[in-house]
There are 2 protein chains.
Amino acid sequence: MDEKELLKFRTALTRFVPLNDEDWGLLSPFVTYRNLAKGEHWITEGKKEQYLGFILEGNMRHYYIRNGEEKTTYFYFENHLTGSYFSALNGAASLVTIEALTDCRLLSFPYDVLVSLYDESHAWERFGRILAEYLAMGLEERMSELLMLSPEERYVKLIEGNKKKIIERIPQHYIANYLGITPVSLSRIRKRLTSK
Amino acid sequence: MDEKELLKFRTALTRFVPLNDEDWGLLSPFVTYRNLAKGEHWITEGKKEQYLGFILEGNMRHYYIRNGEEKTTYFYFENHLTGSYFSALNGAASLVTIEALTDCRLLSFPYDVLVSLYDESHAWERFGRILAEYLAMGLEERMSELLMLSPEERYVKLIEGNKKKIIERIPQHYIANYLGITPVSLSRIRKRLTSK
DNA sequence: CTTTTTTATTATCTTTTGTTAACGTTTTAA
DNA sequence: TTAAAACGTTAACAAAAGATAATAAAAAAG
């Protein structure tokens with residue numbers, strides 16, 4: 001286990017909540033490496049997925065499948081947690097798939113372990129609360145954008161906003177899917193915007 | 001303070017997490033009544049709103065205002081918590097308005113108090129975690145519906161699903177707003193559906 | 001009980017998106 | 001290096017939603 005990368009992970013968690021050596025020692029023995037080739041699934045719809053991951057390197061795409069069509073909800077980049085959080089939470093089969101858009105390196109740990117830490121330590125319980133609050137704020141933002149903005153406005157916000165990584169690194173047809181429109185429609189929107 | 005209604009509130013909280021007398025005693029002194037006439041605001045956009053509420057009676061509507069237009073995200077009914085949770089969470093002015101659609105009776109308590117309980121007791125910290133997880137799952141569902149379903153499919157799901165209260169009690173133009181379409185468009189969808 | 005106000009439907013016209021297909025370019029893999 | 005696959009743009013037409021206005025029905029207010 002590369003100590004430098006493990007520290008990177010610990011530091012990322014510390015952004016949510018301070019973790020002393022004792023707290024960290026409860027989780028760290030359960031952390032393992034995972035490599036994924038481009039196109040492989042980290043999480044697969046229909047399976048009970050029990051692991052959360054921390055991306056050391058690479059990009060991932062989080063999507064639902066509805067009537068055979070993929071519907072992208074999120075992209076994940078390095079230095080962020082990824083997983084089918086809510087499936088893990090209630091022990092059900094995952095509703096989502098998370099695939100590697102590039103070759104990826106992850107650190108992973110079982111969700112079960114995290115839950116057992118909630119019992120063992122107030123600090124980890126707090127971590128769980130703040131993580132859930134953080135996820136909820138992200139979902140609230142995404143939800144309100146879908147409700148309030150037109151596809152064109154959503155695209156403009158993506159360009160101008162703080163999600164530049166998506167524009168820079170993600171193929172356009174996935175971005176269209178993320179915006180809830182077809183690639184054809186996104187192409188038209190781009191044309192409309194450049195002619196203004 | 002009506003003991004029966006206070007108990008109702010306690011019971012509702014217990015659905016999230018067991019609360020013994022001691023835990024409950026930390027919050028109960030801060031609980032107060034609030035009455036709202038139809039049309040009044042429980043939360044107003046732009047104000048720092050520090051109170052969460054528990055609805056004893058009545059219906060409420062949760063909406064954003066964007067370019068002067070209201071965008072409804074949720075309806076609340078009796079026996080549920082309501083408030084500008086995320087504004088309270090980060091201490092900022094509320095981005096949403098919550099108005100009484102009927103005369104309402106609430107129990108309310110300051111969000112600050114809840115946060116201070118997170119420090120005082122592991123049980124309340126757990127309550128906070130599970131509340132945030134619960135909210136996040138609701139947001140996930142709402143978000144994925146907006147991304148995956150057409151307005152017509154969203155309406156059908158509302159009729160067939162477990163959200164019957166909305167159909168039964170909420171005026172149609174608010175439902176249209178909740179679905180992200182105009183009342184005119186909802187009327188057309190209804191016509192399409194009945195002629196099938 | 002009568003008068004407003006609110007709510008829901010319908011019609012017309014415009015704008016936007018979806019669908020399908022064609023075409024050229026870029027990337028990937030053999 | 002060459003063939004195949006993936007990607008982005010454009011065009012033509014269909015389907016759906018927005019905007020506006022007229023009308024009728026239901027609810028609220030006096």
Side-chain angles (χ1 to χ4, degrees), chain A residues 36-40 58-59 61 63 66-72 75 99-104 145-159 166-196, chain B residues 36-40 58-61 63 65-72 75 99-104 145-159 166-196:
Chain A
L36 288 175
K38 177 174 176 174
E40 276 192 288
N59 310 333
R61 182 171 72 101
Y63 60 91
R66 158 108 191 158
N67 302 336
E69 284 174 31
E70 299 176 356
K71 303 286 182 172
T72 303
F75 300 105
E99 69 166 10
L101 291 179
T102 63
D103 292 349
C104 287
E145 280 176 15
L146 288 167
L147 186 65
M148 292 205 284
L149 305 182
S150 68
E152 178 169 328
E153 288 170 321
R154 296 204 282 276
Y155 180 68
V156 169
K157 186 163 180 190
L158 212 55
I159 294 175
I166 293 180
I167 296 288
E168 289 162 4
R169 301 198 202 166
I170 305 293
Q172 194 171 306
H173 65 287
Y174 289 137
I175 294 177
N177 197 262
Y178 173 80
L179 294 173
I181 58 179
T182 61
V184 176
S185 193
L186 178 54
S187 192
R188 279 189 293 233
I189 286 170
R190 284 162 53 81
K191 194 177 182 183
R192 270 205 306 267
L193 289 173
T194 53
S195 68
K196 276 178 185 172
Chain B
L36 288 175
K38 177 176 176 173
E40 277 191 287
N59 310 333
M60 310 185 89
R61 182 171 71 102
Y63 60 89
I65 301 173
R66 159 108 190 159
N67 301 336
E69 284 174 32
E70 299 174 359
K71 303 286 183 173
T72 302
F75 300 104
E99 70 167 8
L101 291 178
T102 63
D103 291 351
C104 287
E145 281 177 13
L146 288 168
L147 186 65
M148 294 205 283
L149 306 181
S150 67
E152 180 170 326
E153 289 170 319
R154 296 204 283 274
Y155 181 68
V156 169
K157 185 163 180 189
L158 213 54
I159 293 174
I166 292 177
I167 296 289
E168 290 162 3
R169 302 197 201 166
I170 305 293
Q172 193 171 305
H173 66 285
Y174 288 136
I175 294 178
N177 197 260
Y178 173 80
L179 295 172
I181 57 179
T182 61
V184 175
S185 193
L186 178 53
S187 192
R188 279 190 293 231
I189 286 171
R190 284 162 54 81
K191 194 178 182 182
R192 272 205 305 266
L193 290 174
T194 54
S195 68
K196 276 181 186 171

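Letters A, B, ... mirror the listed sequences (proteins, then strands); counts begin at 1.
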Given 3.5 Å as the limit, does a donor-acceptor pair link the side chain of R61(B) with the main chain of E99(B), or not? no
Please check the phosphate of dT6(C) (OP1 and OP2 only) for any side-chain N or O of H173(B) closer than 4.0 Å. no
5′-ward residue of the pair K38(B)/I189(A) relative to DNA chain C: K38(B)
If you check every side-chain atom of S185(A), which of dG18(C), dG8(D), dA8(C) has the closest atom? dG18(C)
Quick one: closest heavy-atom pair of L158(B) and I167(B), and the distance? O-CG1, 3.8 Å
What integer distance in Å separates E69(B):CD from dG18(D):P? 10 Å
Is the phosphate of dG8(D), meaning OP1 or OP2, less than 4.0 Å from a side-chain N or O of S187(A)? no
Could you check how far CZ of R61(A) sits from P of dA6(D), rounded to whole Å? 13 Å
Identify the two heavy atoms, one from E152(A) and one from L193(A), that lie closest to each other, and give their separation to 0.1 Å. OE2-CD2, 3.5 Å
Tightest non-hydrogen contact, residues I166(B) and I175(B), listed as O-CD1, 3.6 Å
Specify the separation, in whole Å, of atom CZ of R154(A) and atom P of dT17(C). 9 Å
From dT10(D), dA17(D), dA11(C), nucleotide with atom closest to K191(A) side chain: dT10(D)
Length of the CG-P vector between L101(A) and dT28(C), whole Å: 12 Å
Side-chain donor or acceptor of D103(B) paired with backbone N/O of A37(B) under 3.5 Å: no
Using whole Å, what does the distance between atom P of nucleotide dT7(C) and atom CG of L186(B) come to? 14 Å
note: L149(A), atom CG; dA17(D), atom P; distance rounded to Å ~ 19 Å
Answer yes or no: is there a donor N or O on one side and an acceptor on the other, between the side chain of N59(A) and the main chain of L101(A), under 3.5 Å? no
Would Y155(B) and R190(B) count as having a side-chain donor-acceptor pair, cut-off 3.5 Å? yes
Tell me whether the OP1 or OP2 atom of dT10(C) has a side-chain N or O from R192(B) closer than 4.0 Å. no
Need one value for G180(A): base, sugar-phosphate or nothing, where a base atom within 4.0 Å counts as base even if backbone is also close, heavy atoms only. sugar-phosphate
Pairs under 3.5 angstrom, nitrogen or oxygen only, protein versus nucleotides 12-15 of chain C, please.
none

Could you tell me how far apart D103(A) (CG) and dT27(C) (P) are, to the nearest whole angstrom? 17 Å
Side chain of P151(A) (C-beta onward), nearest among dA17(D), dT17(C), dT9(D): dT17(C)
Distance check: side-chain N/O of Q172(B) vs OP1/OP2 of dT9(C), anything under 4.0 Å? yes
Quickly work out the N67(B) CG to dA19(D) P distance and round it to whole Å. 12 Å
